[in-house]
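A quick write-up on the structure given underneath.
Computed over heavy atoms, backbone and side chain alike; hydrogens, waters and symmetry mates excluded.
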Amino acid sequence: VPVEATKRHRIVFSANLEYQPNRAAVSWFAREIWPVLSARHPDLEWVLAGRAPEFVRPILPNDRRIRLTGPLPSLTEEIAAAMVAVVP
């Protein structure tokens, strides 16, 4: 199956989420980018994968399309299946 055929309407943000520059990036994305993208694409999902998701939970909007996963067994597969990967 070609990679393009398996892409999901998803953005994956992968980082150590307790690291302050990564938290700042999540905060900026949540404030400046996510509202625009989510309004234009109601089926878009934003997945935050990485260590210490509890550090960014308080700065995220209450949106069922935002998913905190913590570390994943296969981050490569998650990123490959997403339309966009944000890796600070």
### Message
Could you check whether any side-chain heavy atom of Ile66 comes within less than 4.5 Å of a side-chain heavy atom of Pro61, counting everything from C-beta outward?
### Response
yes
### Partner set under side-chain hydrogen bond (donor to acceptor under 3.5 Å, both in side chains) for Asp63, not counting sequence neighbours
Trp34, Arg65
### Message
Tell me the closest heavy-atom pair linking Leu17 and Gly50, and the distance in Å.
### Response
CD1-O, 4.2 Å
### Task
For the residue pair Leu68 and Leu60, establish whether any side-chain heavy-atom pair is separated by less than 4.5 Å.
yes
### Message
With side chain to side chain contact (heavy atoms under 4.5 Å, CB included) as the criterion, how do Val26 and Trp46 come out once you've worked through the C-alpha distance, each side chain's angles and the decisive distance to 0.1 Å?
### Response
CA-CA 11 Å; Val26 168; Trp46 180 19; 4.2 Å; yes
### Query
Which residues pass the side-chain hydrogen bond (donor to acceptor under 3.5 Å, both in side chains) test with Glu78, sequence neighbours left out?
Arg10
### Message
Using a 6.0 Å cut-off, check whether atom OH of Tyr19 has over 12 heavy atoms from anything other than its own residue.
### Response
no
### Query
Same cluster or not: are Val86 and Leu72 linked, directly or through other Ile, Leu, Val, Met, Phe, Trp or Tyr residues, by side-chain heavy atoms under 4.5 angstrom apart?
no
#### Entry: Common cluster, Trp28/Val12, ILVMFWY with side-chain heavy-atom separation under 4.5 Å
no
#### Entry: Main-chain N/O of Glu18 paired with Arg23 side-chain donor or acceptor, under 3.5 Å
yes
### Message
So, using side-chain hydrogen bond (donor to acceptor under 3.5 Å, both in side chains) as the criterion, who are the partners of Asn62 when residues are at least two apart?
### Response
none
### Query
What's in the same ILVMFWY side-chain cluster as Val36, cut-off under 4.5 Å, chained through other members?
none
### Shared hydrophobic cluster for Leu37 and Met83 (ILVMFWY, side-chain gaps under 4.5 Å)
yes
### Message
Holding to side-chain hydrogen bond (donor to acceptor under 3.5 Å, both in side chains), I want the full list of residues that pass it with His41, two or more places apart in sequence or in another chain.
### Response
none
### Query
Does some side-chain heavy atom of Ser38 sit less than 4.5 Å from a side-chain heavy atom of Leu44?
no
### Message
Could you work out, with side chain to side chain contact (heavy atoms under 4.5 Å, CB included) as the rule, every residue matching Ser27, not counting sequence neighbours?
### Response
Arg31, Ile59
### Query
Going from CG on Leu75 to OG1 on Thr69, what distance comes out if it is rounded to the nearest 0.5 angstrom?
8.0 Å
### Nearest-0.5 Å distance, CG of residue Leu48 to CZ of residue Phe29
8.5 Å
### Query
Should Glu45 and His9 be marked as a side chain to side chain contact (heavy atoms under 4.5 Å, CB included) after you check the CA-CA gap, both sets of side-chain angles, and the distance that decides it?
CA-CA 6 Å; Glu45 180 183 26; His9 208 141; over 6 Å; no
